[in-house]
Chemist: 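This is the structure, below, for whatever I ask next.
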There are 2 protein chains.
Amino acid sequence: MQLGSRKLHILHAVVHDYISYGEPVGSRTIAKKYDMGISPATIRNEMSDLEEMGYLQQPHTSAGRIPSDKAYRLYVDKLMKTRKPTADEAERIERIYQQKTTEVDKIIEQVASILSDITSYTSVVLGPRLSKVLIRHIELIPIEGQYALLLVVTSAGIIKDTLIRIPDNIDIGYLERISNMLTKYYRNKTFAEVNINHAVDIQKEMMNQKEFINNVLDAFANNIASQNKGDIYLGGTANIFNFPEYQDIIKAREFLNLMENRDMLYNLLGRYDEEDVLIVIGTENEFNEMQDCSVVMGTYSIGDKILGTMGLIGPTRMEYSKAVSIMRYVGQIVSRHLTLLFKE
Amino acid sequence: MQLGSRKLHILHAVVHDYISYGEPVGSRTIAKKYDMGISPATIRNEMSDLEEMGYLQQPHTSAGRIPSDKAYRLYVDKLMKTRKPTADEAERIERIYQQKTTEVDKIIEQVASILSDITSYTSVVLGPRLSKVLIRHIELIPIEGQYALLLVVTSAGIIKDTLIRIPDNIDIGYLERISNMLTKYYRNKTFAEVNINHAVDIQKEMMNQKEFINNVLDAFANNIASQNKGDIYLGGTANIFNFPEYQDIIKAREFLNLMENRDMLYNLLGRYDEEDVLIVIGTENEFNEMQDCSVVMGTYSIGDKILGTMGLIGPTRMEYSKAVSIMRYVGQIVSRHLTLLFKE
DNA sequence: TGTTAGCACTCTCCCTTTATGAGTGCTAAT
DNA sequence: ATTAGCACTCATAAAGGGAGAGTGCTAACA
C-alpha cells in the first residue's frame, strides 16, 4: 500500500492532535478540526489502512487511534515543521550569559534547570567528559600538617583534586619542581593518555624521593585520571507528573527510579557526540526501561570540540519540534558561553 | 485529665502500630497484639480520653485512631526506645571510610545516598557551609592565553575557583607574589571575614598594577567569598512512593516539588547546627508545605567544628528510632572520616 | 467505681449492575 | 471512490448493595 499525500495529511493530524491532548484521536475529530474536505467515514477507511501499515494503533476497539513509534519517526523526519525559540524562550536561554560564576558545574546545573523549565520535560546534562578535556596545569599545594593537595586544572575549567601525604623533609620548592615537571609532561594530554610509566624525568627524580613520587603518581593516575565519568545534572524530574500517561503512580515511580539510575543515563547519553540533535523514540531506545519515553539529545562544545551531552526526556508524544528547537538553541548559547570563558 | 501509665501504654501501642502499618489502629488490635490484660472496651474508653486530650484523632467515625503530632512528640521525647544501628546497617555506613576520593562533594554525595538507602526515607545533605570553613591557601594559576585561575583551598578540602583576565605584562613570578600575599593575609579567616579593604600590603601593590589587583580582589570577594550557600545533595527522592499515604499522585507530586525547592531545604536545614539530633514533627515545621512530613536532622563536623547539616525527610509516622540511630551513626562516621582527611 | 459484654449504628471499601457515549466497521446508496 | 446509516464494542462513570471494621452507649458485673 502507498502512503499517499492524503494519508500523510491524516497521519500528521493524528500525531499533532495526540501530541497536544494525549487522547486517542477519532475520525470525527479530524474531520472537524483539520478541515480536509472529506467525511469521517473516508477518514476511517484511511485510518484503517494506516493501522494496517503500522502507523496507528487502537488501544481498544471503540477508541480512536494513537500513533505508533513508527509514526512519530515519520513525523519527526518528514512531517514536522521546524520551529524557532519564541522571544520569551530565547530570552530565558540567554540568561546563561549572565551567570557570574566560571565554575563549569554551576553553569551546567543552570543549563539543566533552564532546559526543564522551558520545555517542562525532564532534562539530563552530562558534565564535560574527562576524556575530551586537556590537562592544562598540575599543581601540588602544601596544606598545613603533612599534606599537599594535588590539583589538576583542565581546558574546560574543571578542577580535580586529591590529598597526598608528604614526608617531613620535603619543602615547598621541591613541590614546585614536581608540579612543573608534571605540568610540562602532561600538559595538553587527555586523562586517557596519562601513563605514569612514560614520565622519564619524573622517574629520575624518584631516586631521591622514591616513595613520595610514587605516591604522587599513583594518586594522579588512580584518584584523578581514572575517573572517566563526569557528573550528571538533572532538572525537572517532577515534570513527568504533568502528563496524563504518568498519572498512574506505578509508571511515575518507574520513571523516577529510572532517573536515579545514573549509570543508565550515562550510557544512554554518554556515547552520543554529534553536532546535530538526535531524537530517540520509544522502542528505538536500546534500554528496555526507557521504551515508553522519547529522548532528544544535543551537545555542547568549547570551540569545535564537543564536550558533553544534554538530553530531554518525555513521553513519546512529546512536542518534538519544541524540544528540538530549545535543545539546539541551548546548545548554541552554552557552547558560546563556555568558549568565551575557556577557549585558548 | 491525667496521663496515667495505662494511657501511656496505650498511646505507645497506637503510635507503634501506626508507624509500622500506616492504618488507623482499633481497640481490638491493641488488646490482641499488645496484650495488656484489659478488654477492648476499656481501651476504647481510654482512647476516647486520649482523643479528648489531643493525642489521638479519628479519620472518620468508624475507623480506628491515628496519633496526632502531639502524640509523636510525646513518643519521641518520652516513650521511644533508643536503638543502635544493626550490624548490617553499621557495615553499610562504614563504607564511607572506603571512599578513595578526597573530594568533599563526592563524599557528601555518597553520604546522601547511604542515608536514603538504609532508611528508605529521602535524604538531604548540605555541603560544608562556607561561613564555617577556613581559608587555607590562595593561588593564582596562569592558564594559557590571558587568563589565570584564582583558586581558594579551604580547611574542608573545598575548592572554589574563578577565572581572571591578566594583562600582557604580568609574569608568573608576579602572580606567585600576589598568591603569597593573599594567602598570608586571608589564611585562617572565614569567607565571612573577607574584607578586601583591609588588605594593606596588597593595596600597596596596587600602585604598579592597580587595575589587575582590583580585578583579583573583586573576583575574590564577589565570585568566591560571597557564595555563602553550599551545595545540596538529595538521595532517594523516589522513596516516598513506598508509603501508602503518598500513593495519591497529587501528594507525591507536591512532595517532589518540595524537594526541588532548594531554597526552602536550605532554609530548613541550614540554620541548624547543634551536635545532637533534632526531630521536627509535622506542624512543628515552620514551612507550611512540609507540615505533612517529619524531619530528622543531624550534623557532621571536622574536629569539633560543625560543618554541615543532614536531614531525613519522611511521613510523620516515620520510624523515628531508626532514623535517629542511623543519623547519629552516619554523623559520627562521616565526621571521623572528614577529620582524618582534613584536620590539621 | 472501674471493667466488660452486648448491641445498634456508622462509615469505608469493594463488588456488581446499569447507563452513557465515543468510536468503529460494515453495508448499501450515491 | 465517497459517504450516510446503523449495529456493535468497549471504557468510564454513576448507583446500589452487602461485608467488615470499629465505635459509643447501656447495662450487668466484680
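To find a chain, count down the sequence lines: A is the first, B the second, and so on, and within it residues start at 1. Computed from a predicted model, the values in this text were never measured in an experiment.
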Chemist: Ignoring backbone atoms, establish whether A:Thr61 has a side-chain N or O less than 4.0 Å from OP1 or OP2 of D:dC10.
Modeler: yes
Chemist: Any ion pair linking A:Glu109 and B:Arg262 (charged N to carboxylate O, less than 4.0 Å)?
Modeler: no
Chemist: Would you mind reading off the distance between A:His60 atom NE2 and C:dG21 atom C1', rounded to a whole angstrom?
Modeler: 12 Å
Chemist: Between B:Thr119 and B:Ala323, is there a donor-acceptor pair closer than 3.5 Å when you use the side chain of the first and the backbone of the second?
Modeler: no
Chemist: Pairs of donor and acceptor atoms involving the side chains of residues 234-242 of chain B, under 3.5 Å and at least two apart or interchain, shall be tabulated with distances.
Modeler:
from, atom 1, to, atom 2, distance (Å)
B:Thr237, OG1, A:Glu260, OE2, 3.0
B:Asn239, ND2, B:Ser116, O, 3.3
B:Asn239, ND2, B:Tyr121, O, 3.0
B:Asn242, OD1, A:Arg253, NH2, 2.4
B:Asn242, ND2, B:Asn239, O, 3.1

Chemist: Which listed nucleotide (D:dT3, C:dT24, C:dT3) is nearest to the side chain of A:Ser27?
Modeler: C:dT24
Chemist: Using a 6.0 Å cut-off, check whether atom CD of B:Gln247 has over 12 heavy atoms from anything other than its own residue.
Modeler: yes
Chemist: Please report the distance, rounded to the nearest Å, between CG in A:Asn45 and C1' in C:dT24.
Modeler: 11 Å
Chemist: Taking N and O atoms by type only, does the side chain of B:Arg28 place a donor or acceptor under 3.5 Å from a partner on the base of D:dG22?
Modeler: no
Chemist: Does a side-chain N or O of A:Thr42 approach OP1 or OP2 of D:dT2 to a distance below 4.0 Å, or not?
Modeler: no
Chemist: Looking at D:dT3, C:dT3, C:dA5, which one has an atom nearest to any side-chain atom of B:Ala41?
Modeler: C:dA5
Chemist: Can you tell me how far C1' of D:dA1 sits from CG of A:Asp49, to the nearest Å?
Modeler: 13 Å
Chemist: Could you state the CZ-P distance from B:Arg65 to C:dC11, rounded to the nearest angstrom?
Modeler: 14 Å
Chemist: Between A:Arg44 and D:dT3, is there a side-chain N or O to OP1/OP2 distance below 4.0 Å?
Modeler: no
Chemist: Atom CD of B:Glu46 and atom C1' of C:dT3: how far apart are they, to the nearest Å?
Modeler: 11 Å
Chemist: Round to the nearest Å and state the distance from B:Glu51 atom CD to D:dT23 atom P.
Modeler: 10 Å
Chemist: Is there a side-chain polar atom (N or O) of B:Ser62 under 4.0 Å from OP1 or OP2 of C:dC11?
Modeler: no
Chemist: Mind calculating the distance between CD (A:Gln58) and P (C:dA22) to the nearest angstrom?
Modeler: 17 Å
Chemist: From the options A:Tyr72, A:Tyr75, A:Tyr55, A:Tyr34, select the one residue that forms a ring pair (Phe, Tyr, Trp, His ring centres under 6.0 Å) with A:His12.
Modeler: A:Tyr75
Chemist: Using atom CG of B:Leu50 as one end and atom P of D:dG24 as the other, report the distance to the nearest whole Å.
Modeler: 12 Å
